Amino acid sequence: MAGKFVIKRSGKDQDGFIFNLHAGNGQVVLTSERYESRASALNGIESVKTNAANPARFELRQGSQEPYFVLKAANGQVIGMGEHYSSDSAAREGMAAVARAAEGTTTDDQS
């Protein structure tokens, strides 16, 4: 089952936008940065679709106690990040889940 991007309003005054990438099972596998406009969020979604297929665009990072990953565009800008995981291998599985979910997705605009 394909994944789905969900766009929502974000921020104290609901004046920004974020998107989540949901895997086929409904689990959120990637959360975007906050965008000022809906158009920018849609561009971010296209960037995820383009970059998630390239393993070199993922970067494994160490949080305060748990690993997580970010997905970067070709220019190095962070497009989104995964949740915190219990191990590096679990975070790598999360990266693979993003790559799978980003293929053939639809977008649900709830903004």
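None of the values given here were measured: they were computed from a predicted structure. Computed from heavy atoms alone, side chains included, the values below leave out hydrogens, waters and symmetry copies.
- When side chains are defined from C-beta on, Thr105 counts as touching Lys49, because their heavy atoms get closer than 4.5 Å.
- Enclosure of atom CD in Glu103 is not indicated, since only 12 or fewer non-hydrogen atoms of other residues, nucleotides or ligands lie within 6.0 angstrom.
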Exercise. What do the steps show when you test Arg100 against Val29 for side-chain contact (heavy atoms from CB on, under 4.5 Å), and what is the final call?
Worked result: CA-CA 10 Å; Arg100 287 189 304 271; Val29 292; over 6 Å; no
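- The CG atom of Asp88 sits 12.5 Å away from the CZ atom of Phe69 when rounded to the nearest 0.5 Å.
- Shortest non-hydrogen contact noted between Ala52 and Phe58 is O-CE1, 3.4 Å.
- Put simply, the side chain of Ile7 reaches to within 4.5 Å of the side chain of Ile45, judged on heavy atoms.
- Counting all heavy atoms, side chain and backbone alike, His84 lies closest to Tyr68 at CD2-CB, 3.6 Å.
- The nearest pair of heavy atoms linking Ala101 to Ala23 is CB-CA, 3.9 Å.
- The CD1 atom of Ile79 sits 13.5 Å away from atom OG1 of Thr31, with the distance rounded to the nearest 0.5 Å.
- Applying side-chain contact (heavy atoms from CB on, under 4.5 Å) to Ile18 and the options Arg9, Arg34, Glu33 leaves one that passes, Arg34.
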For this session: Under the side-chain contact (heavy atoms from CB on, under 4.5 Å) rule, what do Tyr35 and Leu42 come out as? Steps first, then yes or no, please.
Result: CA-CA 9 Å; Tyr35 293 93; Leu42 290 170; over 6 Å; no
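- Looking only at distances, a side-chain donor or acceptor of Thr50 sits under 3.5 Å from a matching main-chain atom of Glu46.
- Listed for the Ser32 side chain is a donor-acceptor partner under 3.5 Å among the backbone atoms of Phe19.
- For the pair Asn75 (side chain) and Gln77 (backbone), a donor-acceptor distance under 3.5 Å is present.
- Counting heavy-atom neighbours within 6.0 Å of Gln62 CD, excluding the residue itself, gives a total above 12.
- Leu30 approaches Gly82 most closely through the heavy-atom pair CD1-N, 4.2 Å.
- Looking only at side-chain heavy atoms (C-beta outward), Asp108 and His22 stay at 4.5 Å or farther from each other.
- Under the 4.5 Å side-chain contact rule for hydrophobic residues, Leu60 and Leu71 share a cluster.
- Under a 4.0 Å N-O distance rule, the pair Glu59/Arg57 does not qualify as a salt bridge.
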